[in-house]
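Throughout, protein chains are lettered first and strands after them, A, B, ... in sequence-line order, and every chain is numbered starting at 1. Note: hydrogens, waters and symmetry copies are ignored here, and every other heavy atom, side chains too, is used. The structure presented is a predicted model; accordingly, all values stated were derived computationally and were not measured.
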There are 2 protein chains.
Amino acid sequence: MKTTREKILKAARETFIKKGYKGATTRKIAQEAGVSEVTLFRKFKSKSNLLREILNENAILSSQIFNKLTKSELRDKPEEFLYRLAEEFFKLVVKKKIDLIFIILVEKELEEHGLEEWKLLDSINKTLYTNLTNYFKERIKKGNIRKISPETAALIFVSYLSHLNLLSHFKECEIQEEKYIKNFINILLRGIK
Amino acid sequence: MKTTREKILKAARETFIKKGYKGATTRKIAQEAGVSEVTLFRKFKSKSNLLREILNENAILSSQIFNKLTKSELRDKPEEFLYRLAEEFFKLVVKKKIDLIFIILVEKELEEHGLEEWKLLDSINKTLYTNLTNYFKERIKKGNIRKISPETAALIFVSYLSHLNLLSHFKECEIQEEKYIKNFINILLRGIK
DNA sequence: AGGGAATGTAGGTACTTACTTACATTATGT
DNA sequence: ACATAATGTAAGTAAGTACCTACATTCCCT
């Protein structure tokens, strides 16, 4: 049985992604969670606070995935490592409704309210990007992969996953995760030429 | 000298990207354009209409780029073709403030208003994606590139460009277009391995 | 069974926003 | 120079939104 808190968090995640920060009204979120609006405000002082809690949780989950894989012996096999990383991220993102790009947009809407939370808000993307960049640097040094720009490679990875995730929110285009990820890793490793 | 119409369109593009659809108030747009709010409503009946005009224009511009390049002799040299395509798109997108991803998000916010305009709204991404997919298919047939999934390759291209564009809206990260695009094409063509 | 915590209901406040109306002002072309 | 079109100003409307208060109801623990 889910607690009220969890129900609200889940509904908020889904609604924020579907409607954007401003578009997701507290009434709608509460309704989606099956609780009254008052309860929402009792549990999470304000709407922006509700968002903050979600983002915090997301950042933690995102780090965990990377750390887990980094510690495994997969680390030394770039192709499998990247495949598993993409897979795990995709799963997390779809299951938990963590929308990587969405976060940036929330940011924009909050900008003028003087929030200094840039760093926090962008943390998922940034975390993955930073971790991956370091990973590529290390692999280049060890001669596992050729001498490409590690930043660019990391950016390709992050952007592809974000985009795939975005697409998954549309009913029309059913995404066959496995195929899309496998093909991607294939091209990322060997190029199209 | 810019016409009032053009001033409003420009301001609207910039504000929509900065604040999102809901976040961009008509007051703010008018202010940014240096005209009164009433003028905005006189020229473009409604806010959603203003958006529609922008998206229409974007879609046309996006097609033009692809068509121009396709007709040139570059078509037969994938690496240069893709480089130029990326470059031109990036220029257009930054100069004209055409945010590829933004468009999808607008869509979400409008969803419940019963807009049936899905297809229109997503047209820039879709246009580029479709055109590129066909391009890759053709190149594979002609033996210019190896046998990869053309859809996946197109998606990598579109998502990378979108993401790069998104990043360019943040003051912090100055994007050196040339380097980012060159490195990208390098990896896309030859892989990281 | 009873008492305290969690939740719901109803109503309301203060604010914002898309959009309108009525009227005044400026610019433009002939 | 004058009619016409384009723009501005002021004021307002109707709807929506985040969030609050007061009180009633339900649930859970002992």
Rounded distance (Å) that lies between atom [atom2] of [N] and atom [atom1] of [X]:
X	N	atom1	atom2	result
A:Phe44	C:dT7	CZ	P	11 Å
A:Leu51	D:dA18	CG	C1'	15 Å
A:Glu6	C:dT7	CD	P	12 Å
A:Gln31	D:dT17	CD	C1'	14 Å
A:Leu40	C:dA6	CG	P	16 Å

### Task
Evaluate the side-chain proximity of B:Tyr83 to B:Glu178: yes if any heavy-atom separation is below 4.5 Å, no if none is.
yes
#### Entry: Min side-chain heavy-atom separation A:Arg5-A:Phe44 under 4.5 Å
yes
### Check: B:Tyr135 ring centre within less than 6.0 Å of B:Phe81 ring centre
yes
### Task
At under 4.0 Å between heavy atoms, which parts of nucleotides 8-27 of chain C does protein reach? Answer with one letter per nucleotide, 5' to 3': B base, S sugar-phosphate only, - none.
BBB------BSB--------
Filtered N/O pairs between nucleotides 28-30 of chain C and protein, under 3.5 Å:
none

### Message
What verdict does the side-chain hydrogen bond (donor to acceptor under 3.5 Å, both in side chains) test give for A:Ser36 and A:Thr39, after you've listed the backbone C-alpha separation in whole Å, the side-chain angles of each residue and the deciding distance to 0.1 Å?
### Response
CA-CA 5 Å; A:Ser36 78; A:Thr39 302; 3.1 Å; yes
### Message
Between the opening five pairs and the closing five pairs of the helix from C:dA1-D:dT30 to C:dT30-D:dA1, how far apart are the helix axes, to 10°?
### Response
30°
Under 3.5 Å, side chain of [X] to main-chain N/O of [Y], donor-acceptor pair present?
X	Y	answer
A:Arg146	B:Gly191	yes
B:Tyr21	B:Leu51	no
B:Lys91	B:Ala86	no
B:Glu80	B:Lys77	no

### Task
For A:Thr26 and A:Glu37, test the side chains for any donor-to-acceptor distance below 3.5 angstrom and give the result as yes or no.
yes
### Task
Could you go through the side-chain hydrogen bond (donor to acceptor under 3.5 Å, both in side chains) check for A:Asn186 and A:Arg190 one step at a time?
CA-CA 6 Å; A:Asn186 178 12; A:Arg190 282 174 279 276; 3.1 Å; yes
#### Entry: Rounded distance [0.5 Å steps], CZ in A:Phe89 versus CG in A:Leu69
9.5 Å
